[in-house]
Amino acid sequence: MCGRFTQLCSWQEVHRFLNLTGPALELRPRYNVAPGQDAAAVRADHGERRLSILRWGLIPAWSRTPNIAYRLINARAETAATKPAFRAAYRSRRCLIPADGFYEWARHGATRQPYLIGRKDGSTMAFAGLWEQWRVREGIKLPRSLAELAPGETLETCTILTTAANETVAPVHERMPVILPAESFDAWLGGGAVELGPCPAHEIVGRAVGTWVNKASNEGPEAMEKP
DNA sequence: CCAGACGTTGTT
DNA sequence: GTCTGG
DNA sequence: CCAGACGTTGTT
DNA sequence: GTCTGG
């Protein structure tokens, strides 16, 4: 699956990779993006590619409460097109989520060892994602983390597609994020048919990191350090 | 017709 | 919103 | 994903 | 056990 990742890239680096339009944003490097936090994502908008900030954890537009979000941080690529929670977004609200690495936890009995996985040269990848808009309804009780939202306001959320692990990731975990090749970017954002399987195993590499990353409020480069 | 679910992961 | 179950 | 909380009443 | 927060 994909429950944490890094976004070290600047807007300019994402622009080089994904050919963005629109004004540049000031992005701070993120060493430990966790569910419920804001993350940078790229969406097609009238033929342009804009980078925006979405909250990770998808809330379907029809959802009565936002509490479902923490379970919808991932969508299975095999079924997202038809599942009620995802199919509308799959049709018309797709995004690319730039990431330089993702964390997976290997379970050896009671212990959990985090690994950081990414391209050998550390360059930026693009996860396949979906996004949604959720409008705060009158009279609903919001969790503290969303308490600043007023009724009528709109929250934009996203989820990361997952697929079977390739041979690099399999020793650590059964699932991994869908990492799209550059030739699929247009088709994905445009709503076309795209192969959503695991990326070739030789394109990525993993290494163990310390458990400092476990705590989501730990945000520094220490997250990537060896155990 | 209305009511109720709608999801992933990992663990049991 | 839309589908399934009753 | 993992870590940490998980409750009420009344008073400050 | 289950939910919220990060």
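From a predicted model like this one, the values you see are computed outputs, not experimental measurements. Reminder, nothing fancy here: chain letters follow the sequence lines and each chain counts from 1.
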Taking only side-chain nitrogens and oxygens of A/S145, does any of them come within less than 4.0 Å of OP1 or OP2 of E/dG5? yes
Aromatic contact between A/W56 and A/F5, with the criterion being ring centroids under 6.0 Å apart: yes or no? yes
P atom, B/dT9 versus D/dC2: distance in rounded Å? 13 Å
Distance in angstrom units between A/N214 CG and D/dC2 C1', rounded: 6 Å
In whole Å, I'd like the distance from the CZ atom of A/R76 to the C1' atom of B/dC6. 16 Å
Are A/K215 and D/dG4 close enough that a side-chain N or O sits under 4.0 Å from OP1 or OP2? yes
With the criterion set at under 5.5 Å between ring centres and under 30 degrees between planes, would E/dT4 be stacked on A/Y70? no
Taking the same atom, C1', in D/dC1 and in B/dT8, what whole-Å distance lies between them? 12 Å
Is A/R55 paired with A/E156 through a side-chain N to carboxylate O contact shorter than 4.0 Å? no
Could you measure between the two C1' atoms, the one in B/dA3 and the one in E/dG5, and give it in whole Å? 32 Å
Nucleotide C/dG1, atom C1' - distance to CH2 of A/W134 in whole Å: 16 Å
Quick one: look up who C/dG1 pairs with, Watson-Crick or G-U, both distances under 3.5 Å, and put none if it's unpaired. B/dC6
Interface with DNA chain E, restricted to residues 96-103 of chain A and to heavy atoms under 4.0 Å: none
Where at least one partner belongs to residues 174-200 of chain A, residue pairs that pass salt bridge (Lys or Arg N to Asp or Glu O under 4.0 Å), sequence neighbours excluded: A/R49-A/D186, A/E78-A/R175
In the hydrophobic clustering (ILVMFWY, side-chain contacts below 4.5 Å, transitive), which residues join A/L54, or is it alone? A/W131
Below 4.0 Å: OP1/OP2 of D/dA3 and any side-chain N or O of A/T211: no
Between D/dC1 atom C1' and A/L72 atom CG, what is the distance in whole Å? 14 Å
